[in-house]
2 protein chains.
Amino acid sequence: MVRPTDSTQPRTIKEIAAVAGVSKSTVSRVLNDTPGVSPKARELVRSAIEATGYQPNRAARSLVTRATGSIGLVVSEAHARIFSDPFFASMVRGATQVVRPLGIHLVLMLAEDQRARDQLLEYLRHGHVDGVLFVSTHAADPLPRILVAERLPVVLSGRPVSRLQVSYVDVDSVAGAGLAVEHLLELGRRRIATIAGPQDMPAGQDRLRGFTEALAAHGVRPGPVAYGDFDRGSGARAMEELLASGAPFDGLFVASDLMALDALAVLREHALRVPEDVAVVGFDDSVAATQARPALTTVRQPVEEMAKALTLTLLDRIKDPDAPITSRVFPPKLVRRAST
Amino acid sequence: MVRPTDSTQPRTIKEIAAVAGVSKSTVSRVLNDTPGVSPKARELVRSAIEATGYQPNRAARSLVTRATGSIGLVVSEAHARIFSDPFFASMVRGATQVVRPLGIHLVLMLAEDQRARDQLLEYLRHGHVDGVLFVSTHAADPLPRILVAERLPVVLSGRPVSRLQVSYVDVDSVAGAGLAVEHLLELGRRRIATIAGPQDMPAGQDRLRGFTEALAAHGVRPGPVAYGDFDRGSGARAMEELLASGAPFDGLFVASDLMALDALAVLREHALRVPEDVAVVGFDDSVAATQARPALTTVRQPVEEMAKALTLTLLDRIKDPDAPITSRVFPPKLVRRAST
DNA sequence: TTGTATGCGTTATCAA
DNA sequence: TTGATAACGCATACAA
């Protein structure tokens, strides 16, 4: 029985070369999948690496390649918002899954306020990361634009507001709102209200548009509309507003599920039953919130899958900075409330 | 008007040396605050750095110092749990504030399941980070113990279950529960129930103990007790249990505020008014949840401050691995519900 | 297909 | 108090 790894870390390429009986260069070539290596030599090196548990030294590699092996995960949003939103959890999980087997570091970067944003910009400019993953739904953020201008590889989750030469992934909000409306129609509801999101954000716009268009497609007049800002709390206000308006409705589509949770609470406070009196469908930005108490039918985003795609896109872009801009729009899925 | 920074990044120590009219060594000494440098030379270098916007190359530095300039933020817990818990938000904010001005990377590492944990362990063993910040309240996690054994600097948020030679910060849960009880007593409540946390976790134990002891100190008999696991959902079950038990109560202390939110919802479902029928105090692990709808009196942790302390402790430990083990216990604060 | 030699930017050792 | 100079571990241009 031999200890496979010494407690002393410093295995080097040289050591592997010695074990494999080749030169350092050959080891390096194998490590980087450089073409011109004989299968025999390649195998020799492979097993030497296997046997010693060797892992290349990031710093040394960085020094010569000018790459850091890290990518930034920038969250330019109020923390409380982000972390109370499990959407972020799934993003991180997806990104991590892609990044970990590659030995790439996912560096957490927060930019809550202007001061933090300035610091962050300075930091990113200094080449501390090879690329940046933006997980921010607030589209007014100037950071992506600046970084793109500086030619730092950048990808976004969520369609950017204005024309920006940057790849992104997004959920098909229009289709999602359509799913919600169709579900409500199937339930026989004909007076369908909505709590829409902010209209200066693409997600807010699209979900309202999807709502309106789907109703129109079925020849049904839309019910009352109130607006929130996607956050917890704003849904309650909007819900109160809808109820106060006096306009009757028997179905409700809520453009975010944090707002939907509020809506449910307010409906209950007003002694309205769900779904008997009002059938509610929420747009699911946050998986866990509804998992906890699955009282809500939701339009669910494949967030984790989206995160993986996003991360892979960034890595591609880092490899080839002149890769074409891509955008992938994922279809959401209707998840019915538990029959409880 | 001169552009302070070229678009080309690669400023080096050599360049600074040339500008300042000294040798590379002197620049390096200034950079690292090495004693033996004349004030004049130091000033020369300082201004050269200032003028050029120079930042040392991490990789080159790493290569020779054998330090990475990164610390890991390990979250060994189900994502959904963590990210639905704004406690984590404040932890990250605090850590970031300490780390950013120092140019240290906060690398996000998730260890949801066993497979991920194994991978992570391997990763950490390979010296990818200089130290590890554990933000995990689950104390059964074997990772800290293993890493401590491997002599990797480690600090914990939350007291570890068993004896472990590791520094930590924690909130004074006993005192916090006491605050809750005293508040309820001041409100004139005498039949005080509790939804306690899991008794295999220090926080769960301490909060129940604080509850019991505070009541005893005031000569009041404790009301019924039900148990949850701190998570959303478990609070609802516990609340139902309390109500089903038939034991009367007019006050309630809930050991986590996710459970407290559940409790509020269930009370409302049962047409019980808060605080008229039952006065509720939650233990606040998550600031934002209660900020959103401040319907709850809570015992609040100074999470951000704790995170700063934790991070500083880790940095100290990295500097001096033989530094004494420390533990800091922070006092929580009672935050009354809005008068709405 | 392989090996040798050079340099990446920094710290650290040694002489001056 | 300072300045040459030798590592650090790797990728790569070039020679073989």
Side-chain angles (χ1 to χ4, degrees), chain A residues 6 8-46 48-49 52-70 102-104 126-128 130 318-319, chain B residues 6 8-46 48-49 52-70 102-104 126-128 130 318-319:
Chain A
D6 257 22
T8 45
Q9 304 256 357
R11 308 206 163 284
T12 73
I13 209 176
K14 194 172 162 188
E15 207 175 321
I16 304 300
V19 173
V22 297
S23 75
K24 295 194 307 179
S25 340
T26 300
V27 177
S28 176
R29 284 190 263 262
V30 172
L31 248 27
N32 297 286
D33 277 322
T34 305
V37 180
S38 69
K40 201 183 85 188
R42 195 176 293 277
E43 194 40 53
L44 243 38
V45 172
R46 279 251 153 78
I49 289 175
T52 51
Y54 165 82
Q55 283 204 6
N57 180 307
R58 290 171 58 88
R61 177 173 277 183
S62 257
L63 187 55
V64 46
T65 61
R66 329 292 293 163
T68 65
S70 302
L102 274 43
I104 292 173
H126 272 283
H128 278 127
D130 299 335
I318 289 172
K319 256 189 232 132
Chain B
D6 258 24
T8 46
Q9 303 254 0
R11 307 208 164 284
T12 73
I13 210 176
K14 194 172 161 187
E15 208 175 320
I16 303 302
V19 173
V22 297
S23 73
K24 294 194 307 179
S25 326
T26 300
V27 176
S28 177
R29 284 191 262 262
V30 173
L31 247 26
N32 297 286
D33 278 323
T34 305
V37 181
S38 70
K40 203 183 85 189
R42 194 176 294 276
E43 194 40 53
L44 242 38
V45 172
R46 279 250 153 78
I49 289 175
T52 52
Y54 164 83
Q55 283 205 4
N57 179 309
R58 289 172 58 90
R61 176 174 280 183
S62 253
L63 187 55
V64 47
T65 60
R66 329 290 293 163
T68 66
S70 301
L102 273 42
I104 292 173
H126 272 283
H128 279 126
D130 300 335
I318 289 171
K319 255 189 234 133

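Here is how names work: the chains are called A, B, and so on, in the same order as the sequence lines, proteins then strands, and each is numbered from 1.
Here salt bridge (Lys or Arg N to Asp or Glu O under 4.0 Å) pairs that include residues 31-40 of chain B, with residues two or more places apart or in two chains, are B:D33-B:R42, B:D33-B:R46.
Here A:K14 pairs with A:T12, A:K24 under the side-chain contact (heavy atoms from CB on, under 4.5 Å) rule; sequence neighbours left out. Residues meeting the side-chain contact (heavy atoms from CB on, under 4.5 Å) test with A:L31, sequence neighbours left out: A:I13, A:V27, A:I49, A:Y54, A:R61. Under the rule for a side-chain contact (heavy atoms from CB on, under 4.5 Å), the partners of B:A20 that lie at least two apart in sequence or sit in another chain are B:V22, B:L44, B:V45, B:A48. For B:S25, there are no side-chain hydrogen bond (donor to acceptor under 3.5 Å, both in side chains) partners at least two apart in sequence or on another chain. Looking at residues two or more places apart in sequence or on another chain, you find a side-chain hydrogen bond (donor to acceptor under 3.5 Å, both in side chains) between A:D130 and A:T68. Under the side-chain hydrogen bond (donor to acceptor under 3.5 Å, both in side chains) criterion, B:S62 pairs with no residue, sequence neighbours left out.
In this structure, A:A59 reaches neither bases nor backbone, as no heavy-atom distance under 4.0 Å exists between it and the strands shown.
As a whole-Å value, the separation of A:I16 CD1 from D:dA11 C1' is 16 Å. When rounded to the nearest whole Å, the span between CG of B:L63 and P of D:dA7 equals 14 Å. Going from atom CG of A:N57 over to atom C1' of D:dA11 covers 13 Å, rounded to whole Å. Atom-to-atom, NZ of B:K14 to P of D:dA4 comes out at 12 Å; the value is rounded to the nearest Å. Between B:L44 atom CG and D:dT2 atom C1' there is a gap of 13 Å when expressed in whole angstrom units. Residue B:E15 contributes atom CD, which lies 15 Å from atom C1' of C:dT10 at whole-angstrom precision. One interatomic measurement links the two molecules: CD of A:E43 to C1' of C:dT2, which rounds to 18 Å at whole-angstrom precision. When the P atom of D:dT5 is taken as reference, atom CD1 of B:I13 falls 17 Å away, rounded to whole Å.
Taking 4.0 angstrom as the limit, B:R61 places a side-chain polar atom (N or O) nearer than this to OP1 or OP2 of C:dT11. Residue A:Y54 places at least one side-chain N or O under 4.0 Å from the OP1 or OP2 atom of D:dC10. Contact annotation: A:R58 does not reach the phosphate of D:dG9 (side-chain N/O to OP1 or OP2, under 4.0 Å). For the OP1/OP2 pair of D:dG9 and a distance below 4.0 Å, the side-chain nitrogens and oxygens of B:R66 include at least one atom meeting the criterion.
Of all the heavy atoms in B:S70 and B:R58, the pair that sits closest is OG-NH2, 3.3 Å.
Taking the C1' atoms of five terminal pairs at each end of the helix from C:dT1-D:dA16 to C:dA16-D:dT1, the two resulting helix axes are inclined by 40°, rounded to 10°.
Although no hydrogens or angles enter the test, the distance criterion places no donor-acceptor pair under 3.5 Å between the side chain of A:R29 and the main chain of A:V37.
Listed by residue number, the members of residues 19-33 of chain A with any heavy atom below 4.0 angstrom from DNA chain D are A:K24, A:S25, A:S28, A:N32.
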